[in-house]
Amino acid sequence: SVMTVNDRVLFSENKAQSGGALFVNGSLTITGESVMMEFVGNEAESSGGAITVAEGASLNISGNDVDLFFHENSAGDHGGSVYALGNLTISNIQVGQILFSDNRDSTLGGAIYGASTLEFAENAAALRFEENRADAGGAIYHEGGQNAAVRFFNNSGEIIFSSNQAEQQGGAIASYAPVIFEANTGLVSFSDNIAHSGAAISATELDFCSNSGVFKFINNASDSVGGA
């Protein structure tokens, strides 16, 4: 199904067992023009503080002029903002910004927990993960699996991971699936992220393919191994 939005939509302070604001159990595309979509202060007792994407389901968020904010969402188990057992794609956002900030999870994935494909593709809008926290994967955690990946593909907008924190591994990203940066032309920056190991990224496979933008790893800190 397709949800077309052409105005401001606010999901604020909703609560559920899983998917504090939205539970996606099929194929859903959210799109529109001149959209501000905010998920603020939502809470899940188990997983997906703002959104849960069920196993076998998919969520695609796209649009020409979109401001997409996930702020101060929390979950007791996995995925402070988004718990994605199915595919999550954020793509083709040309103007605006995509921001995950101050999201919290008690265990895995301060902003996003993934179990299938997580893809950020062909965005000219800036993509930012700032001050998210979890035990592992301060911003993003992926459990791994067949044909699964965390993929940043052909983005011209900047990709910023800043001041995310994990008590264990992966201050910004912890993944048992491949983490792939491919054909990006904008700045990719990891700065001021903190973890016990892998201050910026902890991954079983990390691929950089055909990128022409600048990559920066600045002032990330680990008290064990993998300062970057």
Side-chain angles (χ1 to χ4, degrees), residues 3 5 7-24 28 30 32 35-53 59 61 63 66-85 88-90 93 96-115 118 120 123 125-142 150 157-174 189-195 199-200 220-221:
M3 178 190 298
V5 181
D7 207 337
R8 183 188 180 199
V9 178
L10 173 64
F11 296 89
S12 179
E13 299 184 3
N14 300 287
K15 294 183 180 181
Q17 181 70 25
S18 180
L22 292 177
F23 188 94
V24 180
L28 176 63
I30 301 175
V35 177
M36 178 178 288
M37 184 172 291
E38 300 172 88
F39 295 85
V40 180
N42 300 287
E43 183 179 344
E45 290 183 25
S46 62
S47 301
I51 299 173
T52 288
V53 183
L59 173 62
I61 302 174
V66 177
D67 286 307
L68 178 63
F69 300 122
F70 291 85
H71 181 63
E72 292 185 347
N73 302 289
S74 63
D77 195 1
H78 300 333
S81 271
V82 182
Y83 179 56
L85 295 178
L88 172 66
T89 303
I90 298 177
I93 297 177
Q97 62 177 314
I98 307 150
L99 176 63
F100 292 82
S101 64
D102 293 286
N103 300 288
R104 301 287 184 269
D105 185 79
S106 298
T107 56
L108 306 175
I112 300 173
Y113 179 101
L118 299 179
F120 305 88
N123 297 295
L127 171 62
R128 296 176 177 268
F129 292 85
E130 300 177 350
E131 298 185 359
N132 303 286
R133 292 189 179 185
D135 276 355
I140 296 173
Y141 181 93
H142 200 295
V150 181
E158 63 184 12
I159 301 169
I160 306 293
F161 288 84
S162 176
S163 301
N164 301 286
Q165 185 171 345
E167 295 298 322
Q168 300 173 22
Q169 76 268 26
I173 300 173
S189 175
F190 290 82
S191 64
D192 300 300
N193 300 289
I194 299 172
N220 302 288

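Everything numeric in this text was worked out from a predicted model, so none of it was measured. Keep in mind that the numbers below use all heavy atoms, side chains included, and drop hydrogens, waters and symmetry copies.
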So, taking the atom named OG in Ser101 and the one named CG in Asn132, what distance separates them when rounded to the nearest 0.5 Å? 7.0 Å
Here the pair of heavy atoms bringing Asn73 nearest to Gly49 is CB-C, 4.4 Å
Start with the C-alpha distance between Ser163 and Glu130, add both sets of side-chain angles, then the distance that settles side chain to side chain contact (heavy atoms under 4.5 Å, CB included), and finish with yes or no. CA-CA 6 Å; Ser163 301; Glu130 300 177 350; 5.9 Å; no
Asn42 side, atom CG; Ile51 side, atom CD1 - distance, nearest 0.5 Å: 9.0 Å
I'd like to check His71 versus Leu99 (side-chain heavy atoms, cut-off strictly below 4.5 Å). Are they in contact? no
Under 3.5 Å donor-acceptor, Ser18 side chain and Ser47 backbone: yes
Rounded to the nearest 0.5 Å, what separation is found between the CD atom of Gln169 and the CG atom of Asp135? 9.5 Å
I'd like to know if the side chain of Asn123 reaches the main chain of Gly157, judged simply by a donor and an acceptor atom lying under 3.5 Å from each other, with no hydrogens or angles considered. no
With Phe100 as partner, the option from Phe129, Phe39, Phe161 fulfilling ring-ring contact (aromatic ring centres under 6.0 Å, His included) is Phe129
Heavy-atom closest pair (Asn220 atom, Phe190 atom, distance to 0.1 Å) is ND2-O, 3.0 Å
Where Gly170 and Ala166 come nearest, the two heavy atoms and their spacing: O-CB, 3.4 Å
Ignoring hydrogens and angles, state whether a donor on the side chain of Ser46 or Asp77 is under 3.5 Å from an acceptor on the partner side chain. no
Would you compute the distance between atom CD1 of Ile30 and atom CG of Leu22 and round it to the nearest 0.5 angstrom? 6.0 Å
Met3 and Leu28: side chain to side chain contact (heavy atoms under 4.5 Å, CB included), yes or no, with the steps? CA-CA 7 Å; Met3 178 190 298; Leu28 176 63; 4.3 Å; yes
Here the pair of heavy atoms bringing Asn103 nearest to Ser81 is OD1-OG, 2.8 Å
Please report the interatomic distance CG(Asp102) to CD(Glu131), rounded to the nearest 0.5 Å. 5.0 Å
To the nearest 0.5 Å, what is the distance between NE2 on His78 and OG1 on Thr52? 11.0 Å
Quick one: sort the Tyr113 and Tyr83 rings into parallel, tilted or perpendicular, breaks at 30° and 60°. tilted
Applying salt bridge (charged side-chain N to carboxylate O under 4.0 Å, His left out), run through Lys15 and Glu45 and close with a yes or a no. CA-CA 8 Å; Lys15 294 183 180 181; Glu45 290 183 25; over 6 Å; no
Contact summary for Leu108 and Asp105, nearest pair of heavy atoms: N-OD2, 2.7 Å
Work out which heavy atom in Ala195 is nearest to a heavy atom in Gly171; give both atom names and the distance. CB-N, 3.4 Å
